4 protein chains.
Amino acid sequence: MLNRVVLVGRLTRDPELRYTPNGVAVANFTLAVNRPFSNQQGEREADFINCVIWRKQAENVANYLKKGSLAGVDGRIQTRSYDNNEGKRVFITEVMAESVQFLEPRGASSNSNQGQGNDYYGGGPGPSGNDFGRQQNNNQNRSSGGFNEDPFANDGKPIDISDDDLPF
Amino acid sequence: MLNRVVLVGRLTRDPELRYTPNGVAVANFTLAVNRPFSNQQGEREADFINCVIWRKQAENVANYLKKGSLAGVDGRIQTRSYDNNEGKRVFITEVMAESVQFLEPRGASSNSNQGQGNDYYGGGPGPSGNDFGRQQNNNQNRSSGGFNEDPFANDGKPIDISDDDLPF
Amino acid sequence: MLNRVVLVGRLTRDPELRYTPNGVAVANFTLAVNRPFSNQQGEREADFINCVIWRKQAENVANYLKKGSLAGVDGRIQTRSYDNNEGKRVFITEVMAESVQFLEPRGASSNSNQGQGNDYYGGGPGPSGNDFGRQQNNNQNRSSGGFNEDPFANDGKPIDISDDDLPF
Amino acid sequence: MLNRVVLVGRLTRDPELRYTPNGVAVANFTLAVNRPFSNQQGEREADFINCVIWRKQAENVANYLKKGSLAGVDGRIQTRSYDNNEGKRVFITEVMAESVQFLEPRGASSNSNQGQGNDYYGGGPGPSGNDFGRQQNNNQNRSSGGFNEDPFANDGKPIDISDDDLPF
DNA sequence: TTTT
DNA sequence: TTTT
């Protein structure tokens, strides 16, 4: 059935790349998408939309996007649920990205402390043939929080990701 | 910023219509949207996507759609959060419908126990000028759950809806 | 780059199925999509949007949709041009459908003179495993117009379709 | 009925701003949207999609976008037809933009010969309150072609635009 | 805790 | 618990 989402926004933090036991890459990131209208206090708000992307594009996202990057997403809304550590069912609504477009011009927002430039590919959803040989989690400093409110925090539940989550 | 969602699916239950203290109508409903692919067990799954709609269209939705109705939604993803009764912050991702299209043909799925036929208006997002004089919650029998997991359950928190939630 | 179209409308005539020299199926159809607003004369107008779909789904469309069928389309806008018989370049804008959803309930609008019922598959973009063994053009009576206004009329230009038109 | 288009692409030339007899602004522009796949010759192609936008946003587009600017569009497909100077009916398919997002960072692609910087407003579809006092056609050098292939060329048919074209 |  |  029809289920289509298109977003343009900025990453609220570096993407988080992980691998399933079978070696399939998956990246999570959150887009801040500014609303086109102001609230009753006259302020512009944003929506913070969790996104997931799989396989090669997950690695591209991890390599080329970082906190603050402007990106476009074309995908579907997916919902899932899991039981949290208090035995309570938690429902998740997120965007399964089918393609991601890097909208940051060459060298933009590269005032990063990571020395890892992210390039701009107007012509497509990412680089082709550029494999940097580093697809590990570039976000390893997000771990070990004592609480578990963010379903995207993978800290306490590595078991939560499995090849069964692959939606195709 | 670009934020667009289009869905076609079936209501998982009757829509829930409420009013803000200022008398603004708002309806919540959940669309079951079947996935176009099968999972590893060969089963077709669905995504259950919470939707909100405001004002006149909320009343149309409450009057013309019910559990099982096929409907199309054009809108935006919105996120919000609230503190639940355990003082924990809960994050909600839902679709703010800007228009809803009734896709059920005349008399279809009218095997309802409510004797309230829902019509089909291919020409637009709903009836114009048909006011049945009954926009009250047609779902009043959903109440009194002891728990509070579903943010769409309005039972214990009428205060949760205010005119401040109006996004425009 | 982002290019996404979602439509719901009714076929203005039976779909037109053809095959490339290499045997790849392609179907053309036009969706009438009613506008959600009225014009200055208070009339509701419609947009007539040409769509193309390839391969197996082209055959499904030809088998299950006909004039008047309600359908949803998810796809991309594509543009192309060709030189007409007067040596003038003609520009075409059409929707490359990536998936089509049949929104007609079982037996609906089957008041057809073709005795070819079209079914309703809420669960997906088409039938799986139902091959009627007849994918030929079910529209052969559209031919031989002396004029050429409709770019979808293939009458005088069988050469216009080749495997090169396959966009992937 | 559902009719939704989302595009990200680059303007193929400066936008063309005009006014109806009643003083309503309307701008036309064409987006080049690169395809995410290559053709049989291994080349990346683009789709050239004609867009229209009305009123205040038309003036914003004319003031802030120019040839080469990266922009996002959210809108609907509209079709119309007119009789050309040879008495032949011409069918037009274009995108009625409901909002346009400027995706060019500050000062980007300002290697223009017009000395007219275009700014970047991540926060919305355009500037509010910045009126440059010049909304006239900034494209007056496009006229007087002897042929009429581009339906957007307004050269010979100023009558073609009227307030009746306003779709709302 | 879900639709057909 | 957020982007510019």
Side-chain angles (χ1 to χ4, degrees), chain A residues 1 3 7-16 28-35 44-51 65-71 79-83 88-93 103-104 108-109 111 142 145 147 149-153, chain B residues 1 3 7-16 28-35 44-51 65-71 79-83 88-93 103-104 108-109 111 142 145 147 149-153, chain C residues 101-103 105-106 119-124, chain D residues 101-103 105-106 119-124:
Chain A
M1 282 166 143
N3 179 344
L7 306 171
V8 170
R10 292 189 180 278
L11 291 245
T12 62
R13 51 182 190 274
D14 289 352
E16 186 171 319
N28 292 318
F29 58 98
T30 299
L31 279 188
V33 183
N34 296 316
R35 294 187 182 168
R44 284 297 198 83
E45 293 177 280
D47 296 292
F48 300 96
I49 302 171
N50 294 325
C51 301
L65 296 179
K66 61 176 185 300
K67 179 176 176 175
S69 298
L70 189 68
T79 58
R80 58 186 172 88
S81 62
Y82 67 91
D83 294 310
K88 228 169 120 176
R89 183 131 285 236
V90 179
F91 295 90
I92 303 294
T93 298
L103 294 167
E104 212 65 82
S109 82
N111 46 346
R142 275 195 69 258
F147 54 104
E149 293 202 303
D150 183 352
F152 276 80
Chain B
M1 282 165 142
N3 179 343
L7 305 171
V8 170
R10 292 187 181 277
L11 292 247
T12 61
R13 49 180 191 277
D14 288 352
E16 186 171 318
N28 291 318
F29 58 98
T30 298
L31 279 187
V33 182
N34 297 316
R35 295 188 181 168
R44 285 296 199 81
E45 292 177 281
D47 295 292
F48 300 96
I49 303 171
N50 294 324
C51 300
L65 296 180
K66 62 176 184 303
K67 179 176 176 175
S69 298
L70 188 68
T79 58
R80 57 187 173 88
S81 62
Y82 68 91
D83 293 311
K88 227 169 121 174
R89 182 131 286 234
V90 179
F91 295 91
I92 303 294
T93 297
L103 293 167
E104 210 66 82
S109 80
N111 47 346
R142 274 194 70 258
F147 55 104
E149 294 201 303
D150 182 353
F152 275 80
Chain C
Q101 185 183 5
F102 304 159
L103 294 167
R106 263 168 227 285
D119 291 323
Y120 174 62
Y121 293 83
Chain D
Q101 186 183 5
F102 304 160
L103 294 167
R106 265 168 226 286
D119 291 323
Y120 174 62
Y121 292 84

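Fair warning: this is a prediction, and the values are worked out from it, not measured in the lab. Residue numbers start from 1 in every chain, and the chains themselves are labelled A, B, ... in the order their sequence lines are given, proteins ahead of strands.
Residues passing the side chain to side chain contact (heavy atoms under 4.5 Å, CB included) test with A:Thr12, sequence neighbours excluded: A:Thr30, A:Ala32, A:Phe48.
Across the protein-nucleic acid pair, B:Lys66 atom NZ and E:dT3 atom C1' stand 13 Å apart, rounded to whole Å. Put simply, CG on A:Leu31 is 11 Å from C1' on F:dT2, counting in whole angstrom units. To the nearest angstrom, P of E:dT4 lies 14 Å from CG of B:Leu65. Following rounding to the nearest Å, A:Ile49 (CD1) and F:dT4 (P) show an atom-to-atom distance of 17 Å. Here the C1' atom of nucleotide E:dT3 and the NZ atom of B:Lys67 are 8 Å apart, to the nearest Å. Straight-line distance from the CG atom of B:Asn28 to the P atom of E:dT2: 19 Å, rounded to whole Å. Counting to the nearest Å, the C1' atom of E:dT1 and the CZ atom of B:Arg13 are 9 Å from each other. Rounding to whole angstrom units, CE of residue A:Met1 and P of E:dT4 are separated by 10 Å.
The side chain of B:Phe91 sits closest to F:dT1 out of F:dT1, E:dT2, E:dT3. Relative to the side chain of B:Arg89, the nucleotides F:dT1, E:dT2, E:dT1 differ in distance, and F:dT1 lies closest. Checking E:dT2, E:dT4, F:dT4 against every side-chain atom of A:Asn34, the shortest atom distance belongs to F:dT4.
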Checklist entry - Between A:Glu45 and B:Arg80, does a side-chain contact (heavy atoms from CB on, under 4.5 Å) hold up when you go through it step by step? => result CA-CA 10 Å; A:Glu45 293 177 280; B:Arg80 57 187 173 88; over 6 Å; no
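How far CG of B:Leu103 is from CZ of B:Arg10: 9.0 Å, rounded to the nearest 0.5 Å. Note that CD1 of B:Ile49 and CG of A:Asn3 are 4.5 Å apart. Values are rounded to the nearest 0.5 Å.
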